[in-house]
Amino acid sequence: MSHLVLLSLAVVLLARRAAAYPWQVCGTAANFTANSTYQANLGLVAAALPRNISSSTDLFATAVVGAAPDKVWALALCRGDANATACSGCLAMAFQDVQNQCAYDRDAAIYYDPCALYYTSNATSLSSLDSVGRTNRVNNQNVTSDPGRFNRQAAAVVNATADYAAYNSTRRYASGEADLGGQFTRVYSWAQCTPDMTPARCRGCLAGLIASMPRRLADRVGARSLGVRCSYRYETYSFLGGPVMVRLAAPPPSSPAPAPAVGPAVPTPGPVAGGESWYVLSGR
Ligand SMILES: *[C@@H]1O[C@H](CO)[C@@H](O)[C@H](O)[C@H]1NC(C)=O
Ligand SMILES: *[C@@H]1O[C@H](CO)[C@@H](O)[C@H](O)[C@H]1NC(C)=O
Ligand SMILES: *[C@@H]1O[C@H](CO)[C@@H](O)[C@H](O)[C@H]1NC(C)=O
Ligand SMILES: *[C@@H]1O[C@H](CO)[C@@H](O)[C@H](O)[C@H]1NC(C)=O
Ligand SMILES: *[C@@H]1O[C@H](CO)[C@@H](O)[C@H](O)[C@H]1NC(C)=O
Ligand SMILES: *[C@@H]1O[C@H](CO)[C@@H](O)[C@H](O)[C@H]1NC(C)=O
Ligand SMILES: *[C@@H]1O[C@H](CO)[C@@H](O)[C@H](O)[C@H]1NC(C)=O
Ligand SMILES: *[C@@H]1O[C@H](CO)[C@@H](O)[C@H](O)[C@H]1NC(C)=O
């Protein structure tokens with residue numbers, strides 16, 4: 001009985017922590033101690049990176065500070081529609097927040113709308129960090145009118161935005177919108193990779209995130225899949241600054257009767273075997 005109570009309490013705390021913006025992914029493998037060399041190295045990175053990123057034209061910065069085993073590898077990226085001031089401020093806040101939310105973790109990722117930060121002591125190179133620190137959020141609201149058509153259009157604009165980010169933007173960033181009509185006027189999308197990636201590697205990174213879309217995201221009005229190296233998001237409201245790069249026309253309605261959702265039924269979001277967690281957002 002007391003075990004059950006403890007367990008459900010733990011689940012509630014986990015869910016709260018996971019749901020609160022910003023979203024962090026705290027490492028679990030190793031800790032550092034107060035006043036250690038690792039903490040000092042992390043402090044050097046925290047002092048330099050927000051300044052360094054604002055002087056980078058693509059708002060991307062990496063840092064490698066110290067010597068093993070206290071070496072800190074860090075990587076930060078701001079969204080393609082952020083400006084240098086907002087980017088630098090976001091990153092300074094990220095270093096503060098993550099050291100509270102993931103106190104003494106040697107590895108952590110934290111995601112905001114305008115910026116993302118990741119650091120670790122356990123890397124052989126910065127380019128080895130393709131799949132670390134991922135997290136996903138899905139809107140709890142569902143499409144109720146012709147969801148099959150919505151699902152196909154959402155997948156199409158996410159795909160097209162990923163293509164544009166990988167192949168048509170040297171910054172590896174793209175924004176998109178697709179007309180719908182019906183329950184929702186449009187669906188808006190965003191995709192981005194770190195700009196050091198080749199087009200093919202960027203598209204491959206995004207394809208890895210997008211692969212679970214029909215299964216996990218059928219009928220959902222919005223979702224985002226966030227990673228250290230690449231991310232995408234779609235919503236039925238505009239969440240983008242700057243010009244729209246990819247536009248799709250409205251698709252024909254499903255006929256003769258509304259088609260069922262693409263793919264099999266969506267399982268309850270949460271941990272899946274061998275896979276990632278999709279946390280449910282109740283608000284926007
Ligand atoms: C370091 O990374 C390797 C490869 O990703 C992983 O197998 C190992 O468990 C990690 N070790 C720690 C202490 O995080
Ligand atoms: C790191 O610290 C946390 C909180 O103090 C503790 O729960 C966890 O077991 C520690 N992890 C390791 C690998 O020492
Ligand atoms: C770390 O350093 C601070 C400031 O010098 C000191 O107040 C604190 O007691 C130290 N903590 C540990 C665990 O040594
Ligand atoms: C910040 O940029 C300066 C100038 O390019 C460079 O010397 C320094 O190493 C960078 N700091 C970090 C932590 O990467
Ligand atoms: C930078 O972006 C922020 C947040 O969107 C905005 O409030 C600010 O006015 C922008 N600054 C400049 C110089 O464009
Ligand atoms: C949306 O659909 C999912 C999966 O069927 C369900 O768990 C969730 O409660 C639905 N959301 C609302 C607001 O009804
Ligand atoms: C998205 O792209 C993938 C890989 O290129 C393809 O298999 C899939 O059919 C595309 N989906 C849509 C809706 O365009
Ligand atoms: C994007 O790049 C591809 C490959 O280089 C090219 O074929 C296509 O025309 C470009 N699309 C746009 C919209 O610029």
Side-chain angles (χ1 to χ4, degrees), residues 21-22 37-68 70-96 98-99 106 108 111-121 123 125-127 129 156-178 188-204 206-207 228 233 235 237-249 284:
Y21 174 92
T37 308
Y38 192 82
Q39 188 174 42
N41 288 340
L42 191 56
L44 291 175
V45 176
L49 222 54
R51 188 161 19 91
N52 279 17
I53 201 169
S54 62
S55 58
S56 142
T57 51
D58 43 17
L59 301 181
F60 170 59
T62 61
V64 184
V65 170
D70 297 308
K71 197 170 192 168
V72 177
W73 304 81
L75 183 152
L77 178 66
C78 289
R79 209 164 76 185
D81 55 5
N83 62 47
T85 313
C87 175
S88 177
C90 183
L91 201 55
M93 186 165 59
F95 274 107
Q96 266 183 25
V98 77
Q99 288 181 84
R106 288 171 78 102
Y111 299 94
Y112 298 76
D113 284 340
C115 75
L117 166 68
Y118 176 76
Y119 57 81
T120 183
S121 60
S125 70
L126 279 165
S127 60
L129 302 173
V157 75
V158 166
N159 254 8
T161 307
D163 282 341
Y164 195 102
Y167 296 107
N168 301 87
S169 160
T170 53
R171 292 184 63 182
R172 308 276 177 263
Y173 160 72
S175 56
E177 66 176 49
Y188 300 86
S189 62
W190 159 69
Q192 191 167 354
C193 299
T194 57
D196 60 330
M197 292 177 104
T198 61
R201 194 165 144 232
C202 169
R203 191 62 182 87
L206 288 167
V228 169
R233 177 181 178 188
E235 304 286 355
Y237 58 90
S238 178
F239 59 96
L240 301 158
V244 173
M245 298 163 187
V246 174
R247 277 175 209 282
L248 300 185
R284 279 190 155 188

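Nothing fancy with the numbering, it's 1 onward along the sequence. Counting starts at 1 for both ligands and their atoms, following the listed order.
- Between the side chain of Ser55 and the main chain of Asn52, a donor-acceptor pair closer than 3.5 Å is present.
- Using a 4.0 Å cut-off to heavy atoms of Ala48, the atoms of ligand 4 that qualify are 11 (N), 13 (C).
- Not a single donor-acceptor pair under 3.5 Å links the side chain of Arg172 to the backbone N or O of Asp196.
- There is no protein heavy atom closer than 4.0 angstrom to atom 7 (O) of ligand 5.
- Cys115 pairs with Cys90 as a disulfide, the SG atoms being under 2.5 Å apart.
- Of the protein's non-hydrogen atoms, Tyr167 CB, 4.6 Å is the one closest to atom 4 (C) of ligand 8.
- Side chain of Glu177 to main chain of Val246: no donor-acceptor pair is present (N/O by atom type, distance under 3.5 Å, no hydrogens or angles).
- There is a protein heavy atom closer than 4.0 angstrom to atom 14 (O) of ligand 5.
- The two residues Phe239 and Arg79 have their closest heavy-atom pair at O-NH2, 2.8 Å.
- Look at Leu44 and you'll find every heavy atom at least 4.0 Å from all atoms of ligand 4.
- Counting only distance, with no hydrogens or angles, the side chain of Tyr38 and the backbone of Arg106 share a donor-acceptor pair below 3.5 Å.
- Atom 11 (N) of ligand 5 is flagged as protein-proximal [any protein heavy atom, distance under 4.0 Å].
- Selection from Asn52, Leu49, Val45, Val64 by nearest heavy atom to atom 1 (C) of ligand 4 gives Asn52.
- Close approach to Thr62 involves these atoms of ligand 4, each under 4.0 Å from a residue heavy atom: 14 (O).
- Looking only at heavy atoms of the protein, atom 9 (O) of ligand 5 is closest to Asn83 ND2, 4.8 Å.
- Nearest protein heavy-atom contact of atom 3 (C) of ligand 8 is Asn168 ND2, 3.7 Å.
- Atom OG in Ser169 sits 8.0 Å away from atom CD in Gln192 (nearest 0.5 Å).
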